Number of protein chains: 2
Amino acid sequence: MVMVISSIEGRTELDRATLERRSSTQLGTTFQICQDECMATETGDTRRRTDALSRKRIVDAAVELLDAAGEGGLTFRALAAHLKTGPGAIYWHVANKDELLTAATDAVLTHATAADVAEDTPEEAIRAVALGVFDAVDAHPWAGTQLSGAPSQPTMLRIFERLGRQIQALSVPTAAQFTAAAALWNYILGVGRQNAANARAHEPGTDRTAALATASAEWANLDPIEYPFTRTVADQLRDHDDREEFLAGINLILGGISSLALPVVDGPTRT
Amino acid sequence: MVMVISSIEGRTELDRATLERRSSTQLGTTFQICQDECMATETGDTRRRTDALSRKRIVDAAVELLDAAGEGGLTFRALAAHLKTGPGAIYWHVANKDELLTAATDAVLTHATAADVAEDTPEEAIRAVALGVFDAVDAHPWAGTQLSGAPSQPTMLRIFERLGRQIQALSVPTAAQFTAAAALWNYILGVGRQNAANARAHEPGTDRTAALATASAEWANLDPIEYPFTRTVADQLRDHDDREEFLAGINLILGGISSLALPVVDGPTRT
DNA sequence: ACCTGAACACCGTTCAAGT
DNA sequence: ACCTGAACACCGTTCAAGT
């Protein structure tokens with residue numbers, strides 16, 4: 001209390017004054033993405049306190065824990081241990097667990113929505129967006145569960161926007177554009193959550209092929225009177241590829257959307 | 001221990017012997033659905049012990065709690081209080097909370113899959129099944145979250161089977177039947193979970209209309225450069241009806257499926 | 001400003017003990 | 001066979017106290 005706090009004591013007053021400005025200006029210009037280690041490089045002399053907490057480091061650690069141990073693996077205590085602090089420290093940077101999960105999902109989905117490479121056709125662009133989400137959830141199954149548990153607007157909106165632009169490019173009439181984009185949107189998120197549920201249902205160890213084989217065998221043994229259809233597609237259940245089926249579903253919706261399209265303006269007019 | 005257990009003591013030996021058979025035979029024939037109060041009516045004399053625990057009473061109470069207080073409202077302690085017992089008693093009839101949630105979801109979805117009324121067209125039959133699931137989730141939002149967290153096979157399979165039969169009726173080639181049924185299936189479950197998420201996001205009090213108006217206003221104020229599409233459909237977001245949009249999505253998929261259909265066999269053959 | 005860690009309220013689940 | 005309820009292990013979250 002009464003002790004002099006050594007070397008940093010001399011800078012204290014100056015720091016107090018600049019602390020407020022930091023997050024809004026200097027941090028933003030020098031490091032767009034990292035809000036983190038900037039703190040250490042600010043005066044330019046030392047690198048100490050690279051281990052300081054920050055929202056980014058917390059979210060990154062959360063993603064690590066979720067990837068490693070699944071949805072049940074993310075705990076404020078485990079996270080605190082991983083970051084070598086107490087659980088209370090995390091609450092200074094993150095409001096609660098919900099916000100943490102949302103931020104983690106956001107981090108994982110951001111890359112899926114990052115590049116806007118020009119595709120040959122609107123259909124291909126839609127498939128690219130859809131597969132981006134699919135693959136992100138495939139790599140991080142826990143993110144699928146969180147999908148629209150309310151991932152923060154920007155990331156989700158960016159995906160929706162990208163789908164919608166292609167819908168416009170497909171010459172869908174204005175009145176039907178929302179419907180078309182929403183249908184794709186619902187399907188994409190739906191499959192994402194479904195895959196998350198599948199991943200959660202089986203142990204992290206068991207692979208998909210074995211699970212499908214088991215389910216397929218069950219379907220093949222169903223009562224022929226009650227389940228005539230399901231029995232006949234038992235083989236297709238066993239042999240199907242999740243990603244391909246997902247794409248096939250996208251194509252079915254695109255097929256339906258194409259019948260909504262207006263005739264091309266500069267083409268020959270039918271009467 | 002040493003005390004005589006009064007009137008029921010005389011029947012004990014006989015009951016022991018029949019107890020095993022009961023659940024497999026007598027119960028099944030007399031009461032197909034209720035596994036519950038049968039216990040009281042078995043000897044035909046008294047109605048006492050109607051308040052005895054049973055899997056059905058527990059699941060019913062769980063549905064009540066979930067409907068009344070949402071997903072957070074279901075607690076073994078709250079459930080036990082509701083049933084006037086201790087939490088431990090429930091575990092005699094139900095393995096764990098997951099099984100309880102699955103059973104509750106199953107109970108709520110069963111009615112949606114119950115009647116198999118003959119519809120005019122396969123398309124209408126598919127719409128009927130889809131709306132059955134939609135309305136069930138609409139009435140019990142918590143059930144949407146559980147959808148294929150692994151609802152027990154019978155209920156889910158029955159829905160899948162019903163969709164598949166109509167796919168067959170639409171003359172979809174065998175090789176594409178699984179894909180077509182799975183796409184509908186994924187879309188239906190996807191929207192169900194989405195609705196559950198929507199319901200969870202907003203307070204039980206706030207109505208949908210107000211929430212849509214707020215979101216619509218946000219969309220309308222988005223940056224025109226970054227979100228040209230989303231801005232233009234802000235009005236459609238405000239005015240749309242969830243149920244109609246859901247149906248429109250089903251119709252888009254049906255449109256895509258129709259293009260897979262084989263030409264009708266007894267019709268004129270095209271060359 | 002930011003971190004620490006004990007403490008609070010509350011879970012799901014178990015289990016010896018009862019009837 | 002079925003029920004009781006205290007107890008266990010573990011959460012998310014808070015908050016006075018530190019630096």
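These numbers were taken from a predicted model, which means no experiment stands behind them. These numbers come from the heavy atoms of this one structure, side chains and all, not from hydrogens, waters or symmetry mates. Chain A is the first sequence line, chain B the second, and so forth, proteins listed ahead of strands; every chain is numbered from 1.
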May I have all residue pairs that pass salt bridge (charged side-chain N to carboxylate O under 4.0 Å, His left out) and include part of residues 132-145 of chain B, sequence neighbours excluded?
B:Asp135-B:Arg243
Check the distance between C:dT14's P and B:Lys97's NZ and give it to me in whole angstrom.
14 Å
Quickly work out the A:Ile90 CD1 to D:dT14 P distance and round it to whole Å.
13 Å
Please pick, from C:dC3, D:dT14, C:dT13, the nucleotide with the shortest atom-to-atom distance to any side-chain atom of B:Tyr91.
C:dT13
Within this structure, what is the CZ-to-C1' distance between A:Arg57 and C:dC3, rounded to whole angstrom?
13 Å
Let me know the distance between CG of B:Asn96 and P of C:dC15, rounded to the nearest Å.
15 Å
Which part of the nucleic acid does A:Leu79 contact within heavy-atom distance under 4.0 Å: base, sugar-phosphate only, or nothing?
nothing
Return the nearest nucleotide to the side chain of A:Pro87; candidates are C:dT13, C:dA6, C:dC11.
C:dA6
Now, which nucleotide makes the Watson-Crick or G-U wobble pair with D:dT13, with each of the two distances under 3.5 Å?
C:dA7
Let me know the distance between CG of A:Leu65 and P of D:dC11, rounded to the nearest Å.
12 Å
A:Trp142 vs A:Arg200, side chain to side chain contact (heavy atoms under 4.5 Å, CB included): CA-CA, chis, key distance, verdict
CA-CA 8 Å; A:Trp142 51 267; A:Arg200 207 182 327 128; over 6 Å; no
Just checking B:Leu74: base, sugar-phosphate only, or nothing, at a heavy-atom cut-off of under 4.0 Å?
sugar-phosphate
From D:dT13, C:dC3, C:dT13, nucleotide with atom closest to B:Arg77 side chain:
C:dT13
Between A:Ala89 and A:Thr75, who's closer to the 5' end of DNA chain D by nearest nucleotide?
A:Thr75
Is there a Watson-Crick or G-U wobble partner for C:dC2 with both distances under 3.5 Å, and if so, which one is it?
D:dG18
Is there a side-chain contact between A:Trp92 and the phosphate of C:dC3, meaning an N or O under 4.0 Å from OP1 or OP2?
no
Where the side chain of B:His93 is concerned, which of D:dC3, D:dT13, C:dT13 is the nearest nucleotide?
D:dC3
First encountered from the 5' end of DNA chain C, between B:Gly72 and B:Ala95
B:Gly72
Calculate the interatomic distance between B:Phe76 atom CZ and D:dA6 atom C1'; express it in whole Å.
17 Å
Over 60° means perpendicular and under 30° means parallel, so classify the ring planes of A:Trp185 and A:Phe160, tilted if in between.
perpendicular
Ring geometry between B:Phe246 and B:Tyr187 (parallel below 30°, tilted from 30 to 60°, perpendicular above 60°)
parallel
State the CD1-CZ distance between A:Ile90 and A:Arg57, to the nearest 0.5 angstrom.
10.5 Å
